[in-house]
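All figures in this text were calculated on a predicted structure; none of them were measured in a lab. Excluded from the calculations below are hydrogen atoms, water molecules and symmetry mates; all remaining heavy atoms, backbone and side chain alike, are included.
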Amino acid sequence: QVQLVESGGGQVQPGDSLRLSCAASGRSFSGYTMGWFRQAPGKERELVASITSGGTANVEPLGEGRFTISRHNGLNTMDLQMNRLKPEDTAVYYCAADRGNRVNLVAARIDYWGQGTQVTVST
């Protein structure tokens, strides 16, 4: 069993930056692909970025050039650095863990979820 806890959300203005963190406990997540999903009101949960246990990273087009994902297996943590935030980035952001070794994560197949952290981008 893996427990995931997100932190770092908040309310910021357009153009600002935020760094989200995910801390895993219960067992080592070094063998899992980790990812960030987000869900805005009335919309489906969508993949933002993912990173395999070996460090292969993927950022979806919605965040390309603005978001960076990283992980620290020894510390059981994962981060999402978000720069130049836009109002359309407003959503609840979820940390996710998947037993597979692939970056194309699918929400329906995720093994573990965090509780989510709210990110609001507005003037």
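- Here the side chains of T68 and V59 are not in contact, with every heavy-atom distance at 4.5 Å or above.
- Shown here are the ring-ring contact (aromatic ring centres under 6.0 Å, His included) partners of F37, two or more places apart in sequence or in another chain: W113.
- Checked by atom type and distance alone, the side chain of R84 pairs as donor or acceptor with a backbone atom of G65 at under 3.5 Å.
- M34 is connected to Y93 through a chain of hydrophobic side-chain contacts under 4.5 Å among Ile, Leu, Val, Met, Phe, Trp and Tyr, so both are in one cluster.
- No chain of hydrophobic side-chain contacts below 4.5 Å, direct or via other Ile, Leu, Val, Met, Phe, Trp or Tyr residues, connects M82 to L47.
- In this structure the side chain of R102 reaches within 4.5 angstrom of the side chain of R109, judged on heavy atoms.
- Looking at L85 and Q13, their side chains never come closer than 4.5 Å, going by heavy atoms from C-beta outward.
- Between the OH atom in Y32 and the CG atom in N76 there is a gap of 10.5 Å [rounded to 0.5 Å].
- Residues R38 and L62 form a side-chain contact, since some pair of their non-hydrogen atoms from C-beta on lies under 4.5 Å apart.
- Residue R71 holds its CZ atom at 7.5 Å from OG of S30, rounded to the nearest 0.5 Å.
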Practice prompt. Evaluate the side-chain contact (heavy atoms from CB on, under 4.5 Å) criterion for residues L18 and D16: first the C-alpha distance (whole Å), next the side-chain angles of each, then the deciding distance (0.1 Å), finally the verdict.
Written response: CA-CA 7 Å; L18 271 179; D16 285 352; over 6 Å; no
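- One N or O on the side chain of T33 and one on the backbone of G100 form a donor-acceptor pair closer than 3.5 Å.
- Side-chain contact between P14 and T123 is present, with heavy atoms from C-beta onward closer than 4.5 Å.
- Residues I51 and M78 form a side-chain contact, since some pair of their non-hydrogen atoms from C-beta on lies under 4.5 Å apart.
- Among all heavy-atom pairs drawn from A97 and L4, the shortest one is N-CD1, 3.8 Å.
- The side-chain heavy atoms of W36 and F67, taken from C-beta on, include no pair separated by under 4.5 Å.
- Remark: side-chain polar atoms of S50 are paired, donor with acceptor, to backbone N or O of V103 under 3.5 angstrom.
- Listed for the E6 side chain is a donor-acceptor partner under 3.5 Å among the backbone atoms of C95.
- Side-chain atoms of Q81 and N83 form a donor-acceptor pair, as typed in the model, at a separation below 3.5 Å.
- L105 and I69 are not part of a single hydrophobic cluster, where members link through side-chain heavy atoms under 4.5 Å apart.
- The distance from the CG atom of D79 to the CG atom of L20 is 8.5 Å, given to the nearest 0.5 Å.
- Few gaps surround CD on E88; more than 12 heavy atoms of other groups in view lie less than 6.0 Å from it.
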Practice prompt. Show the numbers, then the answer: is there a side-chain contact (heavy atoms from CB on, under 4.5 Å) between R19 and S70?
Written response: CA-CA 11 Å; R19 189 176 187 88; S70 60; 4.0 Å; yes
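- Distance alone, capped at 3.5 Å, places no donor-acceptor pair between the T77 side chain and the A23 backbone.
- To the nearest 0.5 Å, atoms OG (S53) and CZ (R99) are separated by 14.0 Å.
- Side-chain heavy atoms closer than 4.5 Å link hydrophobic residues (I, L, V, M, F, W, Y) into clusters, and following such links, possibly through other members, connects V48 to V119.
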